[in-house]
Amino acid sequence: MPVASDVEEPATDVDAAGEGLPINEVFYSLQGEGTLAGVPSVFVRTSGCNLRCWFCDSYHTSWEPTGAWRDVDSIIEEVHSHEQANHVVLTGGEPLIHEESIELLERLAADGYHTTVETNGTIYRDAPIDLASISPKLASSTPTPDRDPKGEGEWEEKHEQNRIDMDALSQMVDDYETQLKFVVTDASDLPQITDLVDRVREATATTVADDDVLLMPEGMTREQLDGTRSEVAELAMEYGYRYTPRLHVDLWNDAPGT
Ligand SMILES: C[S@@+](CC[C@H](N)C(=O)[O-])C[C@H]1O[C@@H](n2cnc3c(N)ncnc32)[C@H](O)[C@@H]1O
Ligand SMILES: Nc1nc2[nH]cc(C(=O)O)c2c(=O)[nH]1
Ligand code: SF4
Ligand SMILES: [Mg+2]
């Protein structure tokens, strides 16, 4: 079983600005998604997001951002306490809304860690990122009134306007080793994926290979994935893209700290 953070921080609203980074959780697990699936990794999850996907599996970093402000020293210390890990995954929420994420990544790189950043690709930061794991958001992520987990669609317009920023996305693809990891709800998502991949290829000098494009089934529980994974696997074969499992859900379902 992965080791969850043993530093008990009070869960507080993180809307108000503080010092350092608003941290929702730090835990040790296996990378569950993407090309590094299976690699033992320390996860640092920041709180706060500029989007509001209706399906967000990290509700307490987006719809209700909670956590504790922590200085970079204390985060680094906790990362080091997981002695087996060489890989760190910075995620959220959206980690790149926080300028302080740059300092955290610089310190991790200086300490020799491989860094993956899980990001929605709407904000560019210049930082030592070994793998930019970008998950651009499709129209099927938009919190319409019928799918809003909290209200009646108050975030619909803002989410729709901000979910793709081609400049930020292209710069990230040009500057970092990248995987484009799309959450797929059903076959109707695929035309948008092929279109976005084409636009990224036109806007960048980098080669984006078909196997840099990953299709990930939507679902935060095993039961939900039972309804999506087969169809998404078939779509990956049909389009020549890569399929990625959600290994952590297969192993631990939706248990906290995994
Ligand atoms: C919680 S997000 C945090 C990082 C960043 N905000 C983003 O969206 O990429 C981490 C990853 O989980 C994915 N994700 C969130 N909810 C999901 C769900 N219900 N099913 C499948 N993937 C999901 C996101 O697309 C992203 O790849
Ligand atoms: N095990 C595990 N792997 C993951 N890969 C990306 C995650 C994320 O929430 O960003 C995640 C996560 O929450 N758990
Ligand atoms: S962008 Fe990421 S953290 Fe933000 S709401 Fe969507 S899945 Fe959740
Ligand atoms: Mg997750």
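Order of appearance sets the numbers: ligands from 1, and atoms from 1 within every ligand.
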Side-chain donor-acceptor pair present, Glu94, Thr119, cut-off under 3.5 Å: yes
Carboxylate-amine/guanidinium contact Asp189 Lys137, below 4.0 Å: no
Salt-bridge criterion met for Glu156 and Arg52 (N-O under 4.0 Å): no
Under 2.8 Å from atom 8 (Fe) of ligand 3, the protein N, O or S atoms, given as residue and atom: Cys56 SG
Arg242 and Asp210 ion-paired at < 4.0 Å: no
Ion pair check, Asp250 and Arg229, cut-off under 4.0 Å: yes
Given Ser101, Cys49, Ser47, the one that forms side chain to side chain contact (heavy atoms under 4.5 Å, CB included) with Pro95: Ser101
Amino acids contacting ligand 1, non-hydrogen cut-off under 4.0 Å: Glu33, Phe55, Cys56, Asp57, Ser58, Thr91, Gly92, Gly93, Glu94, Glu118, Thr119, Asn120, Ser135, Lys137, Lys181, Val183, Met216, Pro217, Glu218, Gly219, Arg246
Qualifying residue, where the test is side-chain hydrogen bond (donor to acceptor under 3.5 Å, both in side chains) with Tyr124 and the options are Asp174, Asp167, Asp175: Asp175
Ionic contact status for Arg222 with Asp226, cut-off 4.0 Å: no
Salt-bridge contact Arg70-Glu78 (side-chain N to carboxylate O under 4.0 Å): yes
